[in-house]
Amino acid sequence: MARADVIVLGAGIVGTSIALHLVKRGLAVALVDRAGPGEGTSYGNTGIIEGNTIFPQVFPSSFAALARIALKRAPEANYHLTFLPKVAPWLLAFRAASRPQRLLETMELMRPLFARAIAEHDALAGEAGAARYLRRTGWLKLYRGDKSFAAQARELELAASLGIANVPLDGEAARTLEPSLKPVFKHAVHWTGAVSVSNPLAVTRAYAARFTALGGIMLSGDARSLHRAEPHWRVDTASGPADAGDVVIALGPWAPDVLDPLGIKLPLAVKRGYHRHYRAKGNAALSRPILDADNGYCLAPMEQGIRLTTGAEFAARDAPPTPVQFDRLLPAAQELFALGEPVEPQPWLGARPCFADSRPVIGRAPRQRGLWLAYGHGHWGLTLGPATGRLIAEMMTATTPFCDPKPYGAERFTH
Ligand SMILES: Cc1cc2nc3c(=O)[nH]c(=O)nc-3n(C[C@H](O)[C@H](O)[C@H](O)COP(=O)(O)OP(=O)(O)OC[C@H]3O[C@@H](n4cnc5c(N)ncnc54)[C@H](O)[C@@H]3O)c2cc1C
């Protein structure tokens with residue numbers, strides 16, 4: 001039987017970063033996953049470490065935008081009709097959290113995590129030999145018309161007041177940065193401080209390798225076997241039962257599979273998202289991730305090819321894939337960049353674990369001794385994995401945390 005101080009369930013970017021931070025503080029740690037590290041949601045993201053983020057994604061405010069989504073004409077979003085009644089309470093909460101005052105509140109509450117995002121990745125990547133995957137070329141957001149660009153004014157003003165670097169550009173200036181982009185957009189903003197990764201899977205794997213090099217144990221097992229074996233928690237693994245006094249649930253979109261049976265029912269929803277890699281035609285190339293803001297997709301240069309990632313799909317986590325957004329997006333993407341043949345036969349599907357207030361849950365679980373939660377990072381799990389790892393490790397080892405963890409507590413849903 002394996003005996004550890006802490007078992008971390010889930011080896012995505014969040015759980016792996018937590019496990020690494022705990023082992024660095026001298027604890028005996030077992031990291032348990034049913035697959036390899038980084039092979040869940042953390043495999044398929046756009047690879048942007050968004051330290052520049054100010055506002056979260058919002059519920060559409062205009063009738064026209066809502067109507068486009070309802071009629072399934074919007075490239076940026078899709079839904080399964082049968083799922084809407086189930087997700088309706090969450091959508092209402094999301095709409096309430098999208099009001100201007102609430103957005104400002106979210107911005108303030110999330111800033112301490114975003115402000116540490118890049119430095120915490122740098123620290124882990126440095127010791128894990130993963131610095132070569134980090135690109136310091138920023139993130140380029142493109143606006144095809146004046147209206148969508150003008151809508152950024154408030155965010156740019158706030159960025160200036162917070163000292164978050166960005167450079168507004170006209171189309172021509174943006175094309176000197178990315179000469180392969182075609183002149184189909186009028187404006188751009190270059191968020192110069194954003195960092196991106198060329199292979200998210202390789203980054204999580206490198207952090208996991210560092211974890212084992214420091215004495216951490218990787219175990220294969222099903223987190224749903226978690227149960228009390230007094231005075232400990234126990235998980236059944238391929239190497240036998242593993243016991244620990246503390247357990248961290250870092251299962252991303254799968255966290256409810258373990259928490260619901262324990263009576264911890266927090267209002268998590270998923271925003272599904274797809275990606276597919278394409279070969280670039282001829283000499284076309286990108287040096288940084290690109291957002292086509294008017295069409296709600298990203299193009300990111302990855303080791304596997306140009307990764308096209310989609311916006312949100314509201315559907316049950318485990319429902320079969322319906323990658324219809326590609327048909328809506330591809331004409332716009334091909335107009336912008338010379339995308340060639342797809343690399344894989346089918347798009348990849350993932351599920352962003354999201355709370356309606358766009359804040360993760362990080363901290364103690366309610367009413368369960370020794371149980372800790374770190375999930376619900378939504379659109380920002382890659383960005384915030386290492387900062388989350390540091391924060392929860394500081395909380396668990398009774399060290400002064402680098403920021404106030406209260407805004408991320410589960411209590412906001414239970415009181
Ligand atoms: C299309 C798309 C684009 C994105 N782009 C970005 C971006 O550019 N920047 C950014 O910061 N974020 C981005 N995200 C979000 C980010 O990818 C997620 O927030 C993040 O990966 C969540 O990490 P996690 O470790 O919480 O979950 P996961 O990576 O899903 O890890 C959970 C782990 O739990 C394991 N698991 C599940 N059930 C069990 C079980 N029963 N037993 C054992 N193990 C189990 C899984 O195998 C998995 O390894 C994007 C997401 C998508 C879908």
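Read the numbers this way: they start at 1 and go in the same order the structure lists the ligands and their atoms. All residue numbers in this chain count up from 1 along the given sequence.
Taking the ring centre of F314 as origin, the terminal cationic atom of K271 falls outside the region bounded by 6.0 Å and 45° from the ring axis. Geometric assessment of R276 against the ring of W348 yields a negative cation-pi assignment under the 6.0 Å and 45° thresholds.
Given atom 4 (C) of ligand 1, the protein heavy atom at minimum distance is N45 CB, 3.1 Å.
Assignment of D33 to the shell around ligand 1 is supported, since a heavy atom sits closer than 4.0 Å. No heavy atom of H275 sits closer than 4.0 Å to any atom of ligand 1. Look at E39 and you'll find every heavy atom at least 4.0 Å from all atoms of ligand 1. Distances from ligand 1 to the non-hydrogen atoms of W380 include at least one value under 4.0 Å. G221 counts as a contact of ligand 1, since one of its heavy atoms falls under 4.0 Å from the ligand.
Ring centroids of H187 and Y143 are separated by 6.0 Å or more, keeping the two rings apart.
Checked by atom type, the side-chain pair D292/Y297 shows a donor-acceptor distance below 3.5 Å.
Between E76 and D294, the closest side-chain pair of non-hydrogen atoms is not below 4.5 Å.
The pair K265-D260 does not meet the salt-bridge criterion, since no charged nitrogen lies less than 4.0 angstrom from a carboxylate oxygen.
When the heavy atoms of G15, G381, S42, G36 are ranked by distance to atom 23 (O) of ligand 1, first place goes to S42. Among A223, A255, G350, the residue whose heavy atom lies closest to atom 40 (C) of ligand 1 is A223.
Contacts of A300 with ligand 1, taken as heavy-atom pairs under 4.0 Å, are absent altogether.
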